[in-house]
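In this text, all values refer to a predicted model and were calculated from it rather than measured experimentally. Starting from 1, each residue takes its place in the sequence as its number. Keep in mind that the numbers below use all heavy atoms, side chains included, and drop hydrogens, waters and symmetry copies.
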Amino acid sequence: MSTHPHTPEPVSPWTPLERPLNLRETVLEQLRTAIITGRLAEGEVVSAPSLGQALGVSATPVREAMMDLAREGLVETIKNKGFRVTRMSPSDLQDLTQIRLLLEPPAMQYVVGNIPAEIRAELDALAAECVRAAEREDLEEYLRTDREFHALLLARTGNPQLVELATSLRTRTRLYGIATLAREGKLGDSAREHQRLLEVLGEDDGDAAEALLREHIGHASSLWATGESASATDATGASDGSAVT
């Protein structure tokens, strides 16, 4: 009988998954969140079997999810090795944010006055869930509902190409400071901006909605990305000195 003391098993950063109806989508959301928040580091090479073991699933849904992430630009395939998390420089993040600022805030002028009651109810529910997810530090749920909220809102423009492009840009954005903000109880403030945006849209104030969404998106290259605020010059290249956080 061995006299060596028992060595405790290392704590896994992954949450074993239950087996929902859509396992692939559940795996995809967890892996996407891990990349966006930096839990899977830039440049890290991972394999479907090892991730599947950590998640308590087979390699197949992981491999399928990784192929989806490759199409989103979050990972790249490495022959005979698996997948590498793509790198994003601060300049890349600024560029993504600038494109989003050029696209999404002006679109609010097309959304205002075009939100029927049933869609408003869906948006209200998503905004409330964003707040709840932020308060319980559930980043996976926060990012999912945030993405769905903005996609549904932009869909009121009647331009599916805009929705697809903006959602792609949002998905590719890295938010390494968001976990810290959640732990410090500050993420809820950002989540509540969704509710304020709906309020001004309900008041038919397109200019206020455009300005508020510009500020909200500005967090992506400042507060959410690093935990620190930045100026509009940082996020947009403009020189008006106005704040975006």
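For Arg174 and Glu42, the salt-bridge test passes: some basic side-chain N is under 4.0 Å from an acidic carboxylate O. Arg32 and Glu140 are not joined by a salt bridge, as no carboxylate oxygen comes within less than 4.0 angstrom of a charged side-chain nitrogen. Remark: Glu199 engages Arg196 in a salt bridge, criterion side-chain N to carboxylate O under 4.0 Å. Note on Asp189 versus Lys186: no salt bridge recorded, every NZ/NE/NH1/NH2 to OD/OE distance being 4.0 Å or above.
Linking ILVMFWY residues whenever their side-chain heavy atoms come closer than 4.5 Å, directly or via other members, leaves Val163 and Tyr110 in distinct clusters.
Looking at Asn114, its side chain does come within 3.5 Å of a backbone N or O of Arg156 through a donor-acceptor pair. Ser50 contributes no side-chain N or O that, together with a main-chain N or O of Val46, makes up a donor-acceptor pair within less than 3.5 Å. Side-chain N or O atoms of Thr173 include one that pairs as donor or acceptor with a backbone N or O of Leu169 at under 3.5 Å.
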Run the side-chain hydrogen bond (donor to acceptor under 3.5 Å, both in side chains) check on Asp124 and Gln195 step by step: do they pass? CA-CA 7 Å; Asp124 283 334; Gln195 296 169 320; over 6 Å; no

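For the salt bridge (Lys or Arg N to Asp or Glu O under 4.0 Å) with Glu29, the qualifying choice from Arg24, Arg144, Arg147 is Arg147, the only one to do so.
Considering every non-hydrogen atom in both Val200 and Leu197, the closest pair reads CG2-O, 3.1 Å. Leu212 approaches Glu193 most closely through the heavy-atom pair CD2-O, 4.1 Å.
Separation of atoms CG (Leu101) and CD1 (Ile217) is listed at 5.5 Å; rounding is to 0.5 Å.
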